[in-house]
Amino acid sequence: MGRGKIVIRRIDNSTSRQVTFSKRRNGLLKKAKELSILCDAEVGLVVFSSTGRLYEFSSTNMKTVIDRYTNAKEELLGGNATSEIKREAASLRQQLHNLQESHKQLMGEELSGLGVRDLQGLENRLEISLRNIRMRKANDDTGSLIHQENVELSRSLNVMSQQKLELYNKLQACEQRGATDANESSSTPYSFRIIQNTNIPPSLEMSQSQQKEGECNKTDAPELGLSDSIATKK
């Protein structure tokens, strides 16, 4: 009977896992050595156990193998990046060529190789482009008119604000003049005084409180008394 197929999975038992590691490690190192001898290959093998122990094999020198591996990896990555850049550059060149051909056809050049359908498609593209240009021009004209109207409205608003300020200043001046006139008219230019005399009964004398320049009446203020009436009664 042949050996049963082993399931490739982690061995739970630590003793069995260690025994299996030792056996397969020795077999792996033996196979690496045989490969280097039989095929004249440069082989480098590095193994770390679960406990952290290092096992290695090198057909020449491990440092030389690692350096060679690092250089080869960088060249491989650089070659892949270069290939990608070359593909992208070729795609961009093709797009540029197509755009140049389309531009020439829109300008009416190199139309000899086009069929009826191609010419109809070109005509449709030209009509769509012309329609878009007209719409853009109409929008620009509308925007210019709106801007001009805004400028006019702003100018009118400034004029109205100036007129409002002038009317307000005039109103303030009129109110101040009215208040001044009211104060002057309410003041009384004449005053009355009572004159006491032993021989003459009390009398009222009206005199002018202030005399302005160029007196209108040169006579003294008249005195009102009761002496005449008393003499008549006697």
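Note that the numbering runs from 1 along the sequence shown for the chain.
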Heavy-atom closest contact (Thr15 atom, Asn13 atom, distance): N-OD1, 3.0 Å

Atom pair CD1/CG of Ile66 and Asn71 - distance to nearest 0.5 Å: 12.0 Å

Side chains of Phe21 and Ser50 in contact at under 4.5 Å (non-hydrogen atoms): no

Same apolar cluster (I L V M F W Y, side chains within < 4.5 Å links), Val151/Ile146: no

Donor-acceptor pair, side chain of Thr142 and main chain of Ala138, under 3.5 angstrom: yes

Sequence neighbours excluded, every pair satisfying side-chain hydrogen bond (donor to acceptor under 3.5 Å, both in side chains) that has a member inside residues 163-173: none

Test item: Ser36 side-chain N/O and Lys33 main-chain N/O as donor-acceptor pair under 3.5 Å: yes

Note, Arg136 side chain near Ile133 side chain (heavy atom, < 4.5 Å): no

Residues, nucleotides or ligands: over 12 heavy atoms within 6.0 Å of Glu175 CD: yes

Sidechain-backbone polar pair: Ser129 side chain, Arg125 backbone, donor-acceptor under 3.5 Å: yes

Partner residues of Tyr69 under the ring pair (Phe, Tyr, Trp, His ring centres under 6.0 Å) criterion, sequence neighbours left out: none

Point-to-point distance, once rounded to the nearest 0.5 Å, from CZ of Arg24 to CG of Leu28: 10.5 Å

Contact check, side chains of Asn158 and Gln162, non-hydrogen atoms, under 4.5 Å: no

Spacing of CG belonging to Asn150 relative to CD belonging to Glu152, to within rounding of 0.5 Å: 10.0 Å

Reported CD-to-OG distance for the pair Glu42 and Ser58, which is rounded to 0.5 angstrom: 7.0 Å

Pairwise distance CZ(Arg68) to CG(Asn61) - rounded to 0.5 angstrom: 13.0 Å

Single-linkage hydrophobic cluster Phe48~Met62, side-chain heavy atoms < 4.5 angstrom: yes

pair Leu96-Gln100: side-chain heavy atoms closer than 4.5 Å: yes

Sub-4.5 Å side-chain heavy-atom contact between Lys30 and Asn26: no

Check: Arg10 and Asp12 side chains under 4.5 Å, non-hydrogen atoms: yes

Phe57: partners by ring pair (Phe, Tyr, Trp, His ring centres under 6.0 Å), with sequence neighbours left out: none

Within-4.5 Å side-chain heavy-atom neighbours: Gln18 and Ser22: yes

Gap separating the CG atom of Leu99 from the CD atom of Glu101, nearest 0.5 angstrom: 10.5 Å

Audit row: Arg131, Ile128, side chain to side chain contact (heavy atoms under 4.5 Å, CB included) steps and yes/no: CA-CA 5 Å; Arg131 189 181 303 114; Ile128 293 173; 3.9 Å; yes

